[in-house]
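Please read the structure below before turning to the comments.
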Amino acid sequence: MTAFIYGHGSATKQMFEHELGLSLPTITQNLRTLEADGLIRKGRMQESTGGRKAQIYEFAAQSHVAIGVRMRSTQVVAVAVDMNGTPIATRQRTLPYRNNEAYYQHVNGIINEFAKELSRQGSVVLGVAFCVQGIVSADGQSITFGKIMGNTGLTLGQISHGLEYPALMIHDSDASAMAELWFDHHLTDAVCVYLERRPGGAVIVNGKLYQGPNQCNGAIEHMTLIPDGRQCYCGQHGCMDTYCSPETLMEDGESLPGFFSVLEQGERGHRERFGQWLDYVALAVANIRSVLAGDVIISGEAAQYLDDDDIASLRQRVIERSPFGAADFTLRKGMALEHQDAIGAALRFIEPYVHGICA
């Protein structure tokens with residue numbers, strides 16, 4: 001919602017009472033309360049059609065914001081998101097990751113200053129959400145599996161030490177799925193497959209993120225794809241990660257854009273490697289759909305290079321590997337927003353706040 005019109009007179013009164021089931025005095029009081037809280041503001045007056053001019057009110061989406069934070073091996077990214085889910089400011093810093101108190105204090109110093117700048121611009125910061133490459137405990141207070149970053153056991157208290165705002169942690173794949181849900185109101189049941197350097201997944205049921213009692217639903221990267229296959233960083237062998245990571249596409253010294261550039265030229269070795277990679281991804285998706293037979297959203301770093309023909313080919317490969325040949329499903333690319341995981345993390349504060357206003 002960006003704006004709405006509020007007028008006076010019997011016709012307006014009847015419209016509000018009929019459509020909203022509210023009396024005009026009640027609506028007037030609600031508007032005053034919302035305006036006092038800074039959630040709406042008066043805009044221009046509508047042109048008169050014969051009676052008194054109607055007042056246009058605008059939704060003050062930036063009056064309240066949340067910050068999503070992503071920490072990677074060499075960089076920290078913080079994204080401020082308003083109540084529309086729109087990123088309004090970004091702060092990036094090059095900072096080698098270290099699992100120690102000094103690192104987190106440095107990061108939170110950056111976030112505190114970022115938040116104060118937002119406050120000076122008139123925004124209330126609701127909280128800070130960290131999207132992490134690890135499984136978060138059921139109570140949201142620690143990382144129970146953090147092999148990628150080497151931070152298993154890290155607590156929310158440690159990661160947010162020195163932070164001046166409420167904080168939470170969320171798995172990065174779940175955070176990205178939150179953004180998919182926020183911007184696609186028709187999304188009901190689906191499995192999200194994120195083809196990042198370290199692949200991941202998330203499960204959506206009945207239009208909501210479904211993390212399960214242990215917060216690890218959708219951890220498809222560690223399903224056994226090839227028994228006794230390649231060793232994974234988790235210590236197991238044959239995990240989906242070791243076959244579906246886009247890292248398996250690239251030759252030594254080759255970048256991912258470089259791989260797809262050569263692929264477009266039709267180089268035979270790249271075509272064969274890409275075809276085998278699609279087969280592995282299709283096998284993973286077919287395995288997923290044997291348990292959760294919903295739609296599939298493909299996203300992540302590698303997905304941005306897949307065109308419509310690639311997606312159609314992947315879908316056909318999934319059908320061929322499905323035990324019942326079930327073809328009644330949608331397989332499509334995700335939104336692939338820049339900093340999508342950080343945006344989705346911030347929405348964990350935005351969503352309940354907006355719902356609270358609407359309620």
Side-chain angles (χ1 to χ4, degrees), residues 1 66 68 81 83-87 129 131 135-136 138 140 168 170-196 199-221 223 240 244 281-300 303-304 306 308 310-312 314-319 321-337 339-359:
M1 179 178 68
V81 176
M83 289 190 290
N84 283 328
T86 303
C131 54
I135 303 299
V136 179
L168 60 80
I170 181 174
H171 190 282
D172 56 353
S173 295
D174 288 339
S176 292
M178 280 292 299
E180 300 281 355
L181 276 168
W182 182 270
F183 294 106
D184 184 353
H185 302 297
H186 301 291
L187 190 56
T188 54
D189 300 314
V191 174
C192 301
V193 179
Y194 295 104
L195 299 173
E196 306 283 0
V203 178
I204 294 170
V205 177
N206 293 328
K208 295 182 179 180
L209 180 64
Y210 181 58
Q211 296 168 292
N214 294 317
Q215 305 290 298
C216 58
N217 278 9
I220 60 174
E221 64 271 27
M223 74 161 71
M240 178 264 200
C244 298
V281 174
L283 178 58
V285 172
N287 287 347
I288 295 165
R289 295 199 70 254
S290 68
V291 178
L292 298 169
D295 294 336
V296 179
I297 296 173
I298 303 292
S299 193
Q304 65 181 306
L306 304 181
D308 291 344
D310 296 328
I311 293 296
L314 178 59
R315 185 179 184 279
Q316 183 58 40
R317 291 168 193 247
V318 172
I319 293 172
R321 288 160 177 79
S322 299
F324 311 112
D328 187 19
F329 72 99
T330 297
L331 188 151
R332 65 171 177 82
K333 289 176 66 173
M335 302 188 66
L337 299 172
H339 310 313
Q340 181 166 326
D341 52 357
I343 293 170
L347 290 173
R348 291 305 289 250
F349 279 105
I350 294 293
E351 183 181 54
Y353 185 77
V354 171
H355 285 177
I357 295 171
C358 295

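Being a predicted model, the structure only gives us computed values, none of them experimental. Residue numbers start at 1 and run along the sequence shown.
For Y194 (side chain) and A177 (main-chain N/O), a donor-acceptor pair under 3.5 Å exists by modelled atom type. A donor-acceptor contact shorter than 3.5 Å is absent between the side chain of R289 and the backbone of V285. Side-chain atoms of Q340 come within 3.5 Å of backbone atoms of A336 as a donor-acceptor pair (strictly under, hydrogens ignored). R321 contributes no side-chain N or O that, together with a main-chain N or O of N287, makes up a donor-acceptor pair within less than 3.5 Å.
Closest approach of A284 and C244 over heavy atoms only: CB-SG, 4.4 Å. Nearest approach of G300 to E196, heavy atoms of both residues: CA-OE2, 3.3 Å. In terms of heavy-atom proximity, N84 sits nearest to W182 at O-NE1, 3.0 Å. Of all non-hydrogen atoms in I319 and A327, the two that sit nearest each other are CD1-CB, 3.8 Å. For D189 against N206, the heavy-atom pair with the smallest separation is OD1-N, 2.7 Å. Nearest heavy atom pair, residue L347 against residue M178, reads CD1-O, 4.0 Å.
For the atom pair CG of L195 and CE of M240, the computed distance is 6.0 Å after rounding to the nearest 0.5 Å. How far CG of L181 is from CE of M335: 11.0 Å, rounded to the nearest 0.5 Å. To the nearest 0.5 Å, atom CG of residue L209 and atom CD1 of residue I170 are 6.0 Å apart. Between the CG atom in D174 and the CZ atom in R348 there is a gap of 7.5 Å [rounded to 0.5 Å]. One finds the CD1 atom of I204 at 4.0 Å from the CG atom of L187 (value rounded to the nearest 0.5 Å). Separating the OG atom in S173 from the CG atom in N217 is a distance of 12.5 Å, to the nearest 0.5 Å.
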Between S299 and E180, does a side-chain contact (heavy atoms from CB on, under 4.5 Å) hold up when you go through it step by step? CA-CA 10 Å; S299 193; E180 300 281 355; 4.2 Å; yes

Could you give me the CA-CA distance, side-chain angles and deciding distance for I311 and D308, then say whether side-chain contact (heavy atoms from CB on, under 4.5 Å) is met? CA-CA 5 Å; I311 293 296; D308 291 344; 5.6 Å; no

The test is side-chain contact (heavy atoms from CB on, under 4.5 Å); show your working for F349 and V81 and say whether it passes. CA-CA 10 Å; F349 279 105; V81 176; over 6 Å; no

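Applying side-chain contact (heavy atoms from CB on, under 4.5 Å) to T330 and the options V296, I297, D295 leaves one that passes, D295.
Annotation for Y210: atom OH does not count as buried by contact number, only 12 or fewer foreign heavy atoms lying within 6.0 Å.
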